[in-house]
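Let me begin by presenting the structure, written as C-alpha cells, before commenting on it.
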Amino acid sequence: MTKNKNVLEWIEEMKALVQPDKVVWIDGSEEQLKEIRNISLACGEMEALNEEKLPGCLLHRTAINDVARVENKTFICSRKKEDAGPTNNWEDPKEMYAKLRRLFDGVMKGRTMYIIPYCMGPIGSPFSKVGIEITDSTYVVLNMDIMTRVGTDALKQLGDVSNDFVRGLHSKADIDEDNRYIVHFPEDNAIWSVNSGYGGNVLLGKKCFALRIASYQAKNEGWMAEHMLILGLENPQGEIKYVCAAFPSACGKTNLAMLIPPEVFAKKGYKVWTVGDDIAWLRPGPDGRLWAINPENGFFGVAPGTNIKSNPNALASTRKNTIFTNVVHNLDDNTVWWEGLDKNPPKNAVNWKGEKWDCTDGSKGAHPNSRFTAPAINCPCISSEFNNPQGVPISAIVFGGRRAKTAPLVYQARSWEHGVFVGSTMASETTAAAAGAVGVVRRDPMAMLPFCGYHMGDYFQHWLDMGKKLGDKAPKIFNVNWFRTDDEGHFIWPGFGDNLRILNWIIDRCEGKADAVETPIGYEPKPEDINLEGLDISMDTLKGLLNVDISLWKEEVAGIKEFYGKFGDRLPNELKEQLAKLEANLDK
Ligand code: GDP
Ligand code: PGA
Ligand code: MN
C-alpha cells in the first residue's frame with residue numbers, strides 16, 4: 001500500500017506489540033468494505049437492517065458500560081505536566097506508555113489487525129492532515145469509512161517520505177472499564193485507545209486527532225482546530241455568509257448546521273447549507289480573512305430528539321448507508337427507533353441493552369447518547385463548498401451552551417478580545433455525551449474543555465494572537481443560548497429552525513445592517529430587530545429572553561474568578577482586564 005518507511009516501521013513495531021493473527025490494510029475500495037461488512041455481520045458486531053427502508057444501514061450495540069466519552073480516562077501526556085495544563089488529566093508519558101504497553105501486549109492474538117489510513121479534510125487540500133488508525137474492530141473500520149476519507153487516497157496525500165501523520169492505536173481488548181484509557185501524546189503525534197468501543201473514544205480521527213492533537217499542532221503552526229459547526233446562510237439575493245459555532249457536545253451543533261428556515265424565511269429565499277457539524281479547522285487566508293474547512297466526511301450525530309420536524313435534514317441523512325449505535329431495534333420491520341423520533345414506539349422491539357422492550361415500563365429504549373454515523377453526501381443541504389480545498393470564509397463565530405438562566409438568547413462581543421473572554425468563560429450544563437452526571441453547570445471554554453490538547457491558558461493566548469493577526473478582518477464574535485427555561489423547566493425559545501431568526505441578526509450585525517443596544521455584558525439586539533413573524537412568541541417573552549439579570553451575572557463573575565484562578569500566570573492579562581471591565585459594568 002505504501003513505500004513510506006515511517007509508516008512501515010511504525011506498523012511493524014505495533015504488530016510486534018499486539019501480535020495479531022492477520023493484518024488487513026484498508027484500501028477504501030467498495031469490494032473490501034463489503035467484505036468487512038460481511039465479517040462484521042458474521043461475528044455479530046453489526047446487524048443488517050431492512051434493505052428496502054434503510055438500504056446499506058447497520059445496527060450496533062456497545063457494551064452497557066461503554067456508551068459515551070470518558071473524560072476521567074482521557075489523558076494528555078505531554079512531556080511536561082504544565083504543558084497539559086490544569087484542565088487535562090496527565091501522566092508521565094514514559095509511565096503511561098509502559099502501562100499501555102502491558103494492556104496492548106498480545107491483545108490482538110486471535111484477532112485481525114486493520115490498518116486504516118485516513119485523511120482529515122478534502123483529499124488534495126493543503127489544510128488536510130493524514131492519520132493511520134490500527135484497530136481490531138470492524139465497527140471502527142466501517143465508521144471511519146463514513147467519517148473520514150480512508151484508503152489509498154489518504155496514503156497518497158501523505159506521500160512516500162513524510163513523517164507527518166498521526167499514529168493511532170486502538171483495541172477493544174476486553175472492554176474493561178477499569179482499564180479504559182484514551183491517551184494522547186501530542187509531541188509524538190500519537191493516540192492510544194484501549195478497552196472501549198464507543199465512537200468518541202475509538203474513532204480516532206474525530207475528537208482525538210481533529211481536536212486534541214490538531215489543537216496542539218494548530219498552536220504551533222498558527223491556525224485553529226475548534227469544536228465548531230460550519231454553516232452557510234444564503235439570503236434572498238443569493239449571497240452566502242459563513243458562520244462557525246462552538247457548542248459543547250449534545251448542545252445543538254448538528255441541529256444548527258442543518259437548520260431548515262421557518263416558512264416565512266424560506267418563502268423569501270433564505271437557505272442554510274451545511275459545511276460541517278462538529279469540527280472546524282481555521283486559518284487566515286491570502287485575503288487576510290479566516291477560512292474554515294471541515295476535516296470530517298460524515299456526521300456522528302445524537303439520535304434521540306432527531307425527527308422530521310426538529311431536523312429533517314439529519315433524519316434524511318440517516319436513511320441509507322448509516323450505522324446506528326445503541327438505538328431501539330424494531331423487530332417487526334427490522335428498522336430503528338429512538339425517543340423523539342415519533343409518537344409510536346415499536347411494540348415488538350429490543351432496547352439499546354439488547355433486551356426485549358415495549359416501552360410500557362417507562363424505561364428509555366434508546367440510550368440518551370445513542371448515535372447515527374451518516375455520510376455527509378446524504379445530507380440534502382450539504383454545501384457545494386464541502387469539498388473545497390480552500391474552505392469557506394467565516395463572517396461570524398458563535399459561542400453557546402445550555403444555560404437554564406443567566407445567558408441571554410443572544411449578545412455580541414464588543415471586540416475580538418472581548419469575544420475571547422466570552423468564549424473562555426462559557427458554561428454549560430453537562431449532557432449524556434460524556435460519562436458522569438447530567439445537567440451540572442460547568443465551565444467549558446469555547447466548548448473545548450474536554451478537547452484542548454495543551455494548556456488552556458496558552459490556548460486563550462493563541463486565540464488572542466490569532467485576533468491580532470486577523471485585525472479588522474477577524475470574524476465578529478457572538479454568544480447564544482437556546483436553552484433558557486421558565487419556572488416549570490420548559491424551554492422558552494422554540495429553537496431549531498427558529499434559530500435562523502437569531503442567525504439573521506448576527507449576519508446583519510456583521511454587515512453593519514442592524515443596530516444594537518449596549519448592555520453590561522455586550523451588545524444585544526433591539527427586540528424589534530428580531531423577526532418574530534409566524535412565531536407564537538410575544539415581544540415581552542423575547543425581552544425576557546434577552547434580559548441580563550445583574551445579580552445572576554454577579555454570581556457568574558464569582559464563578560469566572562474561581563475558574564480563572566486555575567490558570568495562574570498563564571492566564572493572559574487581556575482576559576483579566578475583560579473580567580475587571582465586566583465587574584465594573586455590573587456595578588454601574
Ligand atoms: P451536538 O452534539 O452539539 O451536535 O448536538 P445536537 O444538534 O445533536 O443536539 C443535541 C440535543 O439538543 C438533541 O436532543 C436536540 O434535540 C437538542 N437541541 C438541538 N438544538 C436545539 C434547540 O435549538 N433547542 C432545544 N430546546 N433543543 C435543541
Ligand atoms: P458531539 O460529539 O456530541 O459533539 O456531536 C461526539 C462525542 O462527544 O462523542
Ligand atoms: Mn453533533
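Not measured: the values here are computed from a predicted model. All ligand and atom numbering here is 1-based and tracks the order in the structure.
For Arg283, there are no side chain to side chain donor-acceptor pair (under 3.5 Å) partners, not counting sequence neighbours. Asp549 meets the side chain to side chain contact (heavy atoms under 4.5 Å, CB included) test with Asn547, Ser551, Leu552; sequence neighbours excluded.
Here the shortest heavy-atom distance to atom 6 (P) of ligand 1, taken over Asp498, Leu259, Asn255, belongs to Asn255. Remark: among candidates Gly252, Pro368, Ala245, Ala314, the nearest residue to atom 5 (O) of ligand 1 is Gly252, based on non-hydrogen atoms.
Only side-chain heavy atoms of Arg402 come within less than 4.0 Å of ligand 1; its backbone N, CA, C and O stay farther off. Contact annotation for Leu229 and ligand 1: no heavy atom of the residue comes within less than 4.0 Å of the ligand. Only backbone heavy atoms of Pro304 (N, CA, C or O) come within less than 4.0 Å of ligand 1; its side chain stays farther off.
Interface of Phe491 with ligand 1, defined as ligand atoms under 4.0 Å from a residue heavy atom, comprises 26 (N). Contact atoms of ligand 1 toward Pro248: 3 (O) (distance under 4.0 Å to a heavy atom of the residue). The Phe483 neighbourhood of ligand 1 comprises atoms 25 (C), 26 (N), 27 (N), 28 (C), with distances under 4.0 Å to a heavy atom of that residue.
The pair Arg443-Glu556 meets the salt-bridge criterion, with a side-chain N (NZ, NE, NH1 or NH2) lying under 4.0 Å from an Asp/Glu carboxylate O.
Residue contact annotation: Glu339 has no non-hydrogen atom under 4.0 Å from ligand 1.
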